[in-house]
Amino acid sequence: MKRIFNVLMIIMFILVFISFSSFANFRQEVVVDKWKIPFLNCVTGPIASIGEYMSWSANRAANEINLAGGIAGKPVKVVNYDTGVSPDKAVEEMAKLVDSALVVMGPVPEACIMASVPLAARKGLFCMTASTSYEYAIKYFPWTLSWFPPTDEKLPPITATWAKKHPDMKTVVQFLEKWACWPEMAKAHAIGIKSAGVKMLKDVEVPTDAVIFGPLVVKALAQNPDGIMLTCNAEKAAKIIIELDKNGWKDKSKILVFSSADDTSLYTTGGKYLEGVSVYNYINPDCENPRWIAFRKAYKEDHNGIEPGSLSTIYYDCVYMLKEAIENTGVTGDPTKLAKERIKIRDYCRNIKGFKGIQLTWDMKNGIPSDKGTFLFIIKNGKKKLIALAGKTK
Amino acid sequence: MPTVLSYFLGFTAIYILMCWAIYLPYRVGQLYFTTVACMAIVAYFSGFAAREWGWPFIFVLLVGIAIGAIIAYILSHAIGKAPCFTVVIVGLAFIFIVKTVIENWELLGGTVGFFGIPPVNNLLLIAYILLGIVGFVIYQIDHSRLGRAASVVFVDRDAAASLGVNIKSLGMFYQTIAGAIGGMAGVLYTFLLGSLSPEFFAFAMVGSLVCMLFVGGYTTMWGVIVSAPILGGIPILLPVTISSWRQVIYGILLVLIILVRPEGLITKRMLWNLKGKNRYKTASNLVNTRREKVG
Amino acid sequence: MKKKNNILKIENLSVTYGPIKALRKANLEVNEGEVVALIGANGAGKTSLLKAILNIEKPNGKILFLGKDIISKSTDNIVASGICLIPEGHVIFSSMTVFENLQLGAYHNSYDFDKNLEKVFAYFPILQERSSQIAGTLSGGEQQMLSIGRGLMSNPKLIMIDEPSLGLAPKIVADIFEILSELNEEGYTILLAEQNAKKALECAHRGYVLETGRFILQGTSRELMNNQKARRVYLGGSV
Amino acid sequence: MEVFLAQLINGLALGSIYVLLVTGFNLMILVARIIQFAYPQFVVLSMYACWEVLRLTNNVFLAVFACISTSIVLNILSEPIFRRITNMKGIDINASFVASLGIAIVITDIMSHSLNYGFPIAFPTSWVEGSLARFGLIMISKGQLYALAGSIIAVLLFFYLLYRTKQGRLFRAIAENRFAARLIGIPIVKTSIFSYFIAGLLGGFIAILLSLLLGSASPWLGEFVALKILAVSIVAGLGNLRGGLVCGLCLGVTEAMAMGYLSGSWSNVVSFVIMLIIILIKPQGLFGTSIS
């Protein structure tokens, strides 16, 4: 027995040694026969479900492109790297990429962006971060770009639109989960609601590990609000709506769910209690674009009929944007020209004109999209029905 | 040096330090997770001191170690000789409290994290020098009267007390050292990453540290030196399809090692056998020698 | 004395712990109504023999109980068939009450529980007094009595007692041996393992002397008491 | 006053969840002398089984059956692992904690990886029907009532089982002194498996009550509560069923009050600080422990 373990130990030491030496072979092969795009995603951890659909949509775009002949004639492959939502893992994964990758998709949640993008910026690697918030991307400009306009420009118009649709609503209480960028979004929501002449009552904080929601709902209702704004995770939002219903809340359209909660688990958890609730988001499920229709159909087939999530289009668009950038700037993928080509892609993506996304067409100006709209929906028969569009300029 | 290798080495040093910080109090049978909380507090402190007050690294390091030790020392008055599970729950609760405080303190960046900590030159070198020093100190402790007393306490508390071992002061001593090492790891972590997030100091961290300690072996200080690079290296070395299952791998390894080899890969007896049989006459060694005579 | 019926017969029994042979080819017989003493120094293999009979330590050889081979049976089956072992160092369930301990003793024999309980309380009135007390709070002697009482609750055909005198005051030891004699008079068959050879042989009909896993002597108590070798080695010469 | 009463009811509902889980957890301590940190994860996994069967067959009886049998199977499967650990010489109760920590990590990660794409599961809303009674803000729902009643009944039932029946005596005997239990002739393996079976049965009932009360489950639910369960059990005294009942309800009420009157984000800290202080002052727990 003892001898077996001694042998095992020796084998393990050898393995460690081999793995050390394998670091030396980390560089990419010289001849590029395939575009390997690393995707710093979160496929494990608390938001693994979001990571799953982001990865699904990126792969769908890659497959479409490959069927249509690839990027500059060569096939593209999205390679997943997992951050597990922990910033230290994000840095480790980014460290694998900074010496060799042409461009990076991700990292995905805000904490990982903040932790790992400084390293990428130091090494001159462009990151297509996923954040819904401009605030986290701008710190590292020009090495990142933002998918959305600044929060305080994009959110107030939509909450104001909602508030104006209910003239009898005098006071609103906001449920706020202090997670990542949500407090910033909550502030922007409040600005919009106040601009419509509605009073904001004291926020109700939702603990991240809340198990039951009765106490929170009681606390909110004790303030006698006319309207409810939900800035918390999808499952929690749904449970709060159920709890409100049990407490006798009648007018569901005076409940507004924010974009990050417009997720599958909102609908699976909320069920029939969601009937009539208002929701805002950045994509429109009933968009007429044929690419979107095909995308939505395929997504639902692969996910038991679940609708695509609010961030699902970002990396679909991202892969197409990279295709455009590589083809229009003549990037070859040759490792010897890595630094120059990284900058070429960066400069192209940050100032793209008339990019045709799967739903909208927009311009990028210095890494910021100038005219992306926000949609306001009402839930009818378990489906979102568009009632207003705010913030789109053309 | 490739970037990824330098990060790998840096994380390995920090993991080894943290595992040692858990290993030391476990010498007296206490699973002491408070050290992770100490690490979090010191990490945030050092990040803040370096970014906002512009303190030099060495100063931050010394103050950080002192803070870790002081926190652990104060707590150890209450839990110096507490039973294991009290220590476990104090540690976990303390981690949880520290984490929640950080998450709700806007000055420290909340749930998003704390960023923009200035980098330090030759951090890896410093980390490994510190690792060497700490290792030397732990070796000295293990081979002193204190270490032998701790071994007795681990096996039988009542017997140790009857032999005149002051369990409380022994526990306090180990906990304080653990807090200091935790503080050191916190400072190194801060400057290695340049950013901090409350997510890091969470339950998953406790899980991986326990896994490294128990897989490597908790009876000697050498076990974690083997297990930390291997287990910590899983996410770096293996492809994502495997490494995304790292938590499952850790969990299964942990259960397996306790079933198959409860003292971990590297045990005291194994080291004795490597050194030669004559130096330590223990009961188990005597059995072995007798077996050889019989056979 | 009743007819000598063979209750327990052991042939060529060996017990090994890894490389160590605790018992080598032991042969032993216990007849009905007898008290048999196993005498030997610490580590001679007495406890190993008793544990082997219950299959707590894995034995090799042959163990016949009431004529049936029980060597491969599981401990609970052996106990159910009527052997009980009262281990050394008063092994009781110290967080439970005295009464619960006795109830547990009757695990295999619950139908005449009341009768057995009465009998135990008759032998050990102190247990009745303390029956709702937590067992861990009893004194050493009381714990030993509880241990014996618990064994009696299963109404065994053979009682094996390991070192009943261990760690007890002489007065209590005397009491316990007296009770053992009484039990024997009631008809219980007893196998007694004891270091205190004088006490044991006073109480027993026959005896076996064990040394490092081997039986070196056997015979009636009188023979052993008078045997020079036994006296020199185990009785300390003062008898 | 109205708000206070409403929060009290909410707190009792939350507390009853803790009580149920603590009872299961304490049961493992009492019948097997192990710290079963993965017990809440077993319960959550059983909720997943219930949900899956409900989704596939839409048959409530089958779903309940699946839930309870999953819980039983999981517990019985873990029995050989823990039996081996408790049988080892020189290995104490810590090892069972560490091993169950490993099991908990594995279960949580598998749930977040591959069950329902990592999305939280939600039971049909008909399971979470509206309120039974409502006066202003004070509201009592079916799930709350079931959970509270269930938790009290569970504690009483297991108290009775352990301290008043023969089977319970056997469980405690084995947990306390395996050697002595063997001497008496208790069939160790059979009884031990049966005790895990009982714990599994309770786990299954807890899973059903939780799905009624919460209406959904996420992979992280087990981890959220596991720490609090361990804390409550230690504050009350490891293995003390009565103490678990009182402290579990107290924790629920404390959290609800902190959420309602102070701040949601700090509610956990409030209860943890209180528990920490109690532990530091009385390391043996408020109600005393039978585990040395």
Side-chain angles (χ1 to χ4, degrees), chain B residues 26 29-31 75 77-79 81-101 103-104 110-111 154-158 202-204 206-208 210-211 213-215 218-219 244-260 262-263, chain D residues 35 37-38 78 80-81 84-85 88-110 112-114 220 223-224 226-228 230-235 238 263 265-273 275-277 279-285 289 291-292:
Chain B
Y26 199 60
Q30 294 174 329
L31 269 173
L75 268 181
H77 277 284
I79 54 171
K81 70 169 193 183
C84 180
F85 282 99
T86 307
V87 178
V88 168
I89 202 65
V90 166
L92 291 177
F94 203 46
I95 292 174
F96 202 85
I97 291 169
V98 169
K99 187 169 171 255
T100 316
V101 169
E103 280 173 356
N104 286 289
T111 49
F154 186 85
V155 177
D156 190 340
R157 283 178 161 240
D158 298 333
F203 195 74
V206 172
S208 3
V210 167
C211 183
L213 180 63
F214 276 75
V215 170
Y218 58 81
T219 52
S244 73
W245 290 93
R246 61 180 174 272
Q247 291 290 340
V248 176
I249 298 174
Y250 288 172
I252 290 175
L253 265 182
L254 194 53
V255 176
L256 276 186
I257 203 87
I258 287 179
L259 290 181
V260 177
E263 294 194 326
Chain D
I35 299 288
F37 198 69
S78 72
I81 297 175
R84 193 179 154 97
I85 290 169
M88 279 173 191
K89 291 194 180 84
I91 301 295
D92 53 1
I93 198 165
N94 294 352
S96 71
F97 169 74
V98 174
S100 59
L101 189 69
I103 297 174
I105 292 173
V106 170
I107 292 180
T108 302
D109 214 49
I110 286 178
S112 80
H113 245 88
S114 33
W220 308 93
E223 208 165 273
F224 285 161
L227 183 56
K228 286 181 190 165
L230 182 61
V232 166
S233 182
I234 287 175
V235 166
L238 276 175
S263 143
S265 314
W266 294 91
S267 62
N268 283 318
V269 174
V270 173
S271 40
F272 265 109
V273 168
M275 286 199 282
L276 200 59
I277 292 169
I279 291 171
L280 291 180
I281 295 171
K282 257 184 103 99
Q284 292 297 329
T289 169
I291 314 294
S292 50

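Letters A, B, ... are given to chains in the order of the sequence lines, protein chains preceding strands, and every chain is numbered from 1. Side chains are part of it too, since the values below use all heavy atoms of this structure and drop only hydrogens, waters and symmetry mates.
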Measure [X] against the heavy atoms of chain D and call it side chain, backbone, both or neither at under 4.5 Å.
{"X": "I252(B)", "value": "both"}
{"X": "V155(B)", "value": "neither"}
{"X": "F85(B)", "value": "both"}
{"X": "I249(B)", "value": "neither"}

Beyond-backbone contact of I103(D) with L254(B), side-chain heavy atoms, under 4.5 angstrom
no
Identify the two heavy atoms, one from [X] and one from [Y], that lie closest to each other, and give their separation to 0.1 Å.
{"X": "G207(B)", "Y": "I105(D)", "value": "CA-CD1, 3.8 Å"}
{"X": "V88(B)", "Y": "F97(D)", "value": "CG1-CZ, 3.7 Å"}
{"X": "V255(B)", "Y": "A99(D)", "value": "CG2-O, 3.5 Å"}
{"X": "A78(B)", "Y": "L280(D)", "value": "CB-CD2, 3.6 Å"}

Could you pull out all residues at least two apart from K99(B) that satisfy salt bridge (charged side-chain N to carboxylate O under 4.0 Å, His left out)?
E103(B)
Those residues at least two apart in sequence (or on a different chain) that pass ring-ring contact (aromatic ring centres under 6.0 Å, His included) with F96(B) are F272(D)
If I measure from the heavy atoms of chain B, does [X] come under 4.5 Å with its side chain, its backbone, both, or neither?
{"X": "I234(D)", "answer": "side chain"}
{"X": "L276(D)", "answer": "side chain"}
{"X": "I35(D)", "answer": "side chain"}
{"X": "S78(D)", "answer": "neither"}
{"X": "V273(D)", "answer": "both"}

Count the heavy-atom pairs under 4.5 Å between each of V101(B), I79(B), L31(B), V206(B) and chain D, then report the option with the highest count.
V101(B)
With chain D as the partner, which of N104(B), L253(B), V248(B) has the greatest number of non-hydrogen pairs under 4.5 Å?
N104(B)
Interatomic distance, L238(D) atom CG to T86(B) atom OG1 [nearest 0.5 angstrom]
7.5 Å
Taken to the nearest 0.5 Å, the spacing of N94(D) CG from Y26(B) OH works out to 4.0 Å
